[in-house]
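Here's the structure we're looking at; comments come further down.
Order of the sequence lines fixes the chain letters, A, B, ..., with proteins taken first and strands second; residue numbering starts at 1 for each chain.
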2 protein chains.
Amino acid sequence: MNLKELARHLGLSQSTVSRALNGYQDVSTDTRERVLAAARRFDYSPNASAHRLATGHSGVIGIVFPSDKDPLLDPLFTDFLSGLTNSAARRQMDILVSASLDTSEASYRRLAQRGSVDAVVLSSPLIEDPRVPLLERLGIPCVVHGRTKSSHPHAFLDIDNEGAFRQAAELLIGLGHRWIGLVNGDARQAFAVDRETGWRSALLRAGLEAPDTLSGSDVMTDEAGYRLTAGMLASAAPPSAIICSSIFSAIGACRAIRDNGLTIGSDISVIAHDDGISSIRPEAHSPPLTTTFSSIHRAGERIAEIAADLIGGKSPAECQEVWPVDLIFRDSTRPPRSV
Amino acid sequence: MNLKELARHLGLSQSTVSRALNGYQDVSTDTRERVLAAARRFDYSPNASAHRLATGHSGVIGIVFPSDKDPLLDPLFTDFLSGLTNSAARRQMDILVSASLDTSEASYRRLAQRGSVDAVVLSSPLIEDPRVPLLERLGIPCVVHGRTKSSHPHAFLDIDNEGAFRQAAELLIGLGHRWIGLVNGDARQAFAVDRETGWRSALLRAGLEAPDTLSGSDVMTDEAGYRLTAGMLASAAPPSAIICSSIFSAIGACRAIRDNGLTIGSDISVIAHDDGISSIRPEAHSPPLTTTFSSIHRAGERIAEIAADLIGGKSPAECQEVWPVDLIFRDSTRPPRSV
DNA sequence: TCCTTCTATGAAAGCGCTTTTGACGCCTTG
DNA sequence: CAAGGCGTCAAAAGCGCTTTCATAGAAGGA
């Protein structure tokens with residue numbers, strides 16, 4: 001059953017049926033209802049390919065990643081993706097998850113040329129990310145999860161990383177901590193810079209030192225968290241508190257702390273950033289972890305909306321959001337032993 | 001840059017250019033090379049929508065799931081999906097992950113009507129799954145991950161669940177166990193039936209009893225694994241060994257065992273089915289778990305290939321595979337205490 | 001030399017939809 | 001009563017590709 005047949009059945013022209021289905025005004029209420037009833041009866045919905053070709057819109061939001069690291073294996077990413085797809089589905093849009101077999105530039109070029117996506121979302125932006133200007137040249141709207149440090153305006157949804165980590169550090173300082181470590185994510189990524197800035201500014205503002213030995217950067221995995229924390233604990237002046245950039249690093253950090261014969265909370269305080277992924281809950285940890293919290297799932301949902309706005313013609317400069325982050329106090333933060 | 005412009009640039013007709021690009025034989029080697037060179041130079045690739053409309057193929061494999069449970073949050077599913085997308089990408093196909101907002105029947109109807117997918121993969125099949133005949137009526141090729149018990153032939157890739165669980169039980173029997181519990185998945189699912197059959201047949205063949213009290217079914221989560229195991233341990237005749245249908249149930253089962261003051265291996269043997277997901281490794285467990293192993297990631301990869309075969313016209317009856325399952329002996333299985 | 005058979009190419013007809021354009025009847029208005 | 005406006009629909013021109021069919025010229029056989 002296609003439009004032509006449906007029109008013939010109704011004794012109407014294709015154009016009238018099409019406009020009736022698409023909610024145009026210049027069709028009488030009477031015929032509109034007849035059309036809608038027939039469409040329902042015959043279980044008609046328009047052919048996706050034809051619709052796309054005619055409108056020039058693919059109805060697809062793309063997300064590209066290097067093929068060497070599959071993000072579907074990363075719970076953070078899948079939680080984000082889950083929000084993205086659900087929200088996109090509500091707007092009749094699909095998500096195209098594409099592994100770039102060659103360079104990511106070539107992948108974007110191909111997507112653009114083929115017209116397979118209306119917009120793309122860009123994850124894990126670098127400080128200066130070449131993908132943003134590339135996509136602009138290619139004419140594909142793009143929304144960044146996070147944000148670059150570039151002056152070039154682009155659509156983004158970011159959380160207040162700097163504020164969150166400043167608050168976390170301030171909480172620890174308020175409890176009496178003077179020597180606070182940071183187990184951060186990959187230093188090339190924009191968010192990691194912001195978090196370090198927040199941490200450092202709280203310490204300096206309180207007249208404390210923020211030496212590089214107290215700040216480590218690496219991927220946000222259990223192993224890296226363990227390694228960085230173990231390194232700090234083994235140093236001449238181990239920290240009395242540690243702030244971790246992810247729940248995974250925090251798990252590693254906690255392991256390192258325990259392996260050093262120390263107790264989390266009473267010996268060493270721990271704060272972790274929690275993206276709210278469903279598989280790991282910081283309140284179920286023992287002891288329950290104090291966290292800076294922002295749901296990455298909800299970010300995914302919102303980013304699909306922003307992408308839709310962008311496709312609808314909204315300018316990137318109007319599509320910039322920074323979400324506040326909650327600081328949730330639990331049992332892993334206490335005053336330092338010495339106080 | 002589209003086909004028309006490219007053809008104009010070359011002083012050729014669209015049809016010739018199209019045929020050159022698509023590798024038809026009736027175009028001279030000379031022009032073919034000119035065309036390919038120009039396409040490369042102008043970074044041309046055909047518009048996806050137009051191509052789809054013209055060929056009638058969408059180049060998309062669909063996978064539908066109920067919107068109430070988001071499978072993207074399930075590591076088993078994402079690992080499968082990861083294999084599926086990678087393998088599909090190699091064949092220039094995309095995966096459409098679609099949440100069915102209403103009934104799954106309506107979703108499939110819509111996909112069919114819109115022509116948005118060339119084939120679908122069907123996960124978690126029930127014993128008699130209505131989706132299989134539905135898709136057949138709709139004319140959408142479909143490949144099942146697992147298989148139904150229906151006599152109706154359909155394309156599938158399954159693992160030898162029955163054999164795997166029989167072997168697992170036989171291993172335990174060989175070690176001297178006489179009272180072996182089964183912590184199974186949802187009893188409505190086809191694979192759970194096969195696993196129970198395997199477990200039961202090994203016991204009966206060895207002249208042992210296989211009462212219902214030793215076999216529990218539920219979702220394959222940590223919590224359910226804990227509950228079922230705790231129930232068995234609290235019974236008048238607790239098992240000396242337990243076989244779990246997933247690594248998640250096994251984690252719960254181990255917790256229950258420890259909470260009962262028992263030691264895994266020496267007090268109670270444990271075997272788990274391991275789908276090889278990247279986030280949880282049974283060999284890193286303490287003690288390392290004996291497993292029946294089959295990579296769900298590789299199943300995903302293979303299923304994309306089968307879907308491609310189906311689209312290419314292969315008959316469903318020719319597309320049926322049952323993979324053997326490895327039994328990997330580790331430290332969680334030992335002879336029972338009493339022996 | 002003429003007729004047939006290939007070979008390489010072009011013209012054109014779709015694929016199923018959207019959207020522009022224009023026609024027709026009816027109602028208003030001066 | 002003629003001119004214009006409005007509401008309702010049909011016709012037709014794309015969107016960018018594939019594919020069938022036709023055609024020109026080259027090659028081959030008699």
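Scanning both residues, A/A299 and A/L157, for their nearest heavy atoms gives O-CD2, 3.5 Å. Heavy atoms only, all atoms of each residue included: A/Y108 and A/I140 are closest at O-CD1, 4.1 Å.
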Legend entry - Step-by-step side-chain contact (heavy atoms from CB on, under 4.5 Å) determination, A/R109 to A/L138: CA-CA 7 Å; A/R109 291 210 114 85; A/L138 292 173; 4.3 Å; yes
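No donor-acceptor contact under 3.5 angstrom links the side chains of A/S107 and A/S104, judged on distance only.
Regarding A/L10, its CG atom lies at a distance of 12 Å from the P atom of D/dC9, rounded to whole Å. As rounded to whole Å, 10 Å separates atom P of D/dC9 from atom CZ of A/R32. What separates CD of B/E5 from P of D/dC15 is a distance of 11 Å, to the nearest Å. Distance, B/R52 CZ to C/dC17 P: 16 Å, rounded to whole Å. Between the CG atom of A/L6 and the P atom of C/dC17 there is a distance of 9 Å, given to the nearest Å. For A/N47 and C/dC15, the CG to P distance is 12 Å, given to the nearest whole Å. Atom CD in A/Q25 sits roughly 13 Å away from atom P in D/dC9 (whole-Å rounding). The CZ-P distance, from B/R8 to C/dG10, rounds to 14 Å in whole Å.
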Legend entry - Under 4.0 Å protein heavy-atom contact, by nucleotide of nucleotides 18-24 of chain C - B base, S sugar-phosphate only: BBB----
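Distances shown here put a side-chain N or O of B/S28 below 4.0 Å from the OP1 or OP2 atom of C/dT9. At C/dT9, one or more side-chain N or O atoms of B/T31 fall inside 4.0 Å of OP1 or OP2 (strictly under the cut-off).
Toward the 5' end of DNA chain C, the nearer of the two residues B/Q113 and B/V17, judged by each one's closest nucleotide, is B/V17.
For B/F42 and B/H9, the ring centers sit closer than 6.0 Å to each other. The aromatic ring centres of A/H145 and A/F156 sit 6.0 Å or more apart.
In this structure, CG on A/D275 lies 8.5 Å from OG on A/S295, to the nearest 0.5 angstrom.
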